[in-house]
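Here is the structure we will look at.
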Amino acid sequence: MTIDHTRVEKCGHRGILGKYCLHFHLMGECETCSFRGNAVEHGHQRAIVVHGTHLSSVVENVMYDIRGANIYIEDGNELYNRIMYNVGIGPWPLDSGVSPTRHGCTVPGTNDDQADTQLNHAGIWLLSQRNHLVGNRMTNHFNGMFADAGRFAGDCGGNAASYDCCTNSLPLGHW
């Protein structure tokens, strides 16, 4: 799958698993998989998701007003993906006072309250730190980047990708 230099807007669907703006879904080893130079705007429940995919490229994308995590590496067994030079812009800070229900670019009602809600919102959220994250910029997120490697520390396998791994034992990729 390759989607390059495309504008995607009003995408995603809060609370419905798999309904994301751009999504590598169970691609396995896929060096040719690329999301490059895209503009993703006004989305719900994450802009770019890498799930069950290794060796892909998510490079030079701009995400604006995405409710939830901007880039989400899903299961923890995604390895060696290149997440490079992306920009995630949350137009409102968490305490902006815009409305009593809008807390920056957080969104309730997803399957991950750690990545998407005001509890621990992240611009880039991942379980597996064995990916390459270089030159990314995230604004107005509670965490610019959050590696939740110990979250499922006892669950070492059974995920959808071809590699089973214990996330809390993986070394860092190039950060």
Side-chain angles (χ1 to χ4, degrees), residues 1-27 30 32-53 56-76 78 81-128 131-148 151 160:
M1 177 192 301
T2 300
I3 299 176
D4 293 348
H5 307 290
T6 301
R7 180 179 177 183
V8 181
E9 61 182 13
K10 299 176 186 165
C11 51
H13 194 131
R14 180 180 68 173
I16 299 180
L17 195 61
K19 296 291 185 179
Y20 313 120
C21 298
L22 297 172
H23 186 192
F24 289 135
H25 184 72
L26 306 180
M27 303 298 289
C30 191
T32 59
C33 287
S34 172
F35 293 144
R36 180 181 301 273
N38 299 296
V40 184
E41 303 177 274
H42 313 297
H44 280 82
Q45 189 175 251
R46 306 171 201 137
I48 298 173
V49 175
V50 178
H51 177 209
T53 303
S56 71
S57 295
V58 176
V59 179
E60 298 173 349
N61 298 285
V62 176
M63 295 145 289
Y64 176 80
D65 192 18
I66 303 299
R67 304 273 318 265
N70 283 220
I71 298 174
Y72 187 85
I73 313 300
E74 192 161 336
D75 279 343
E78 295 81 11
N81 295 289
R82 293 169 302 280
I83 313 298
M84 305 172 85
Y85 306 105
N86 299 285
V87 176
I89 302 167
W92 305 282
L94 284 170
D95 60 354
S96 67
V98 171
S99 79
T101 59
R102 189 140 177 116
H103 302 282
C105 285
T106 66
V107 63
T110 72
N111 68 322
D112 193 334
D113 63 352
Q114 290 295 311
D116 299 322
T117 70
Q118 64 182 357
L119 179 64
N120 216 359
H121 181 245
I124 299 173
W125 185 90
L126 62 158
L127 283 171
S128 172
N131 289 284
H132 307 301
L133 293 103
V134 176
N136 299 290
R137 303 289 187 261
M138 301 290 140
T139 66
N140 283 334
H141 300 86
F142 184 74
N143 297 293
M145 180 173 61
F146 188 71
D148 201 359
R151 186 170 189 191

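The first residue in the sequence is number 1, and the count goes up from there.
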Over all atoms of both residues, closest heavy-atom pair of [X] and [Y]:
X      : Y     : answer
Thr53  : Cys30 : CG2-CB, 4.3 Å
Cys21  : Gly12 : SG-N, 3.9 Å
Ile48  : Met63 : CD1-SD, 4.1 Å
Phe24  : Ser34 : CZ-N, 3.4 Å
Val40  : Cys11 : CG1-SG, 3.9 Å
Asn136 : Tyr85 : OD1-N, 3.3 Å

Got a donor-acceptor contact below 3.5 angstrom from the [X] side chain to the [Y] backbone?
X      : Y      : answer
Thr6   : Asp4   : yes
His121 : Gly68  : yes
Asn143 : Ala122 : no
Asn86  : Val58  : yes
Asn38  : His5   : yes
Ser128 : Glu78  : yes
Asn61  : Phe35  : yes

Original post:
Do Ser57 and Asn81 meet the criterion of a side-chain donor-acceptor pair at a distance under 3.5 Å?
Top reply: no
Subject >> Test item: side-chain donor near acceptor, His51 and His25, under 3.5 Å >> reply: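 His51 vs His25: donor-acceptor pair found between side chains.
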Subject >> Residues which pass salt bridge (Lys or Arg N to Asp or Glu O under 4.0 Å) with Glu9, listed by chain and number, not counting sequence neighbours >> reply: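 Scan of Glu9 (salt bridge (Lys or Arg N to Asp or Glu O under 4.0 Å), adjacent residues dropped) gives Arg7.
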Please report the interatomic distance [atom1]([X]) to [atom2]([Y]), rounded to the nearest 0.5 Å.
X     : Y     : atom1 : atom2 : answer
Arg67 : His44 : CZ    : NE2   : 5.0 Å
Tyr20 : Ile66 : OH    : CD1   : 14.0 Å
Tyr72 : Gln45 : OH    : CD    : 8.5 Å
Glu60 : Met84 : CD    : CE    : 9.5 Å

Original post:
Step by step, would you call Ile71 with Ile83 a side-chain contact (heavy atoms from CB on, under 4.5 Å)?
Top reply: CA-CA 9 Å; Ile71 298 174; Ile83 313 298; 3.9 Å; yes
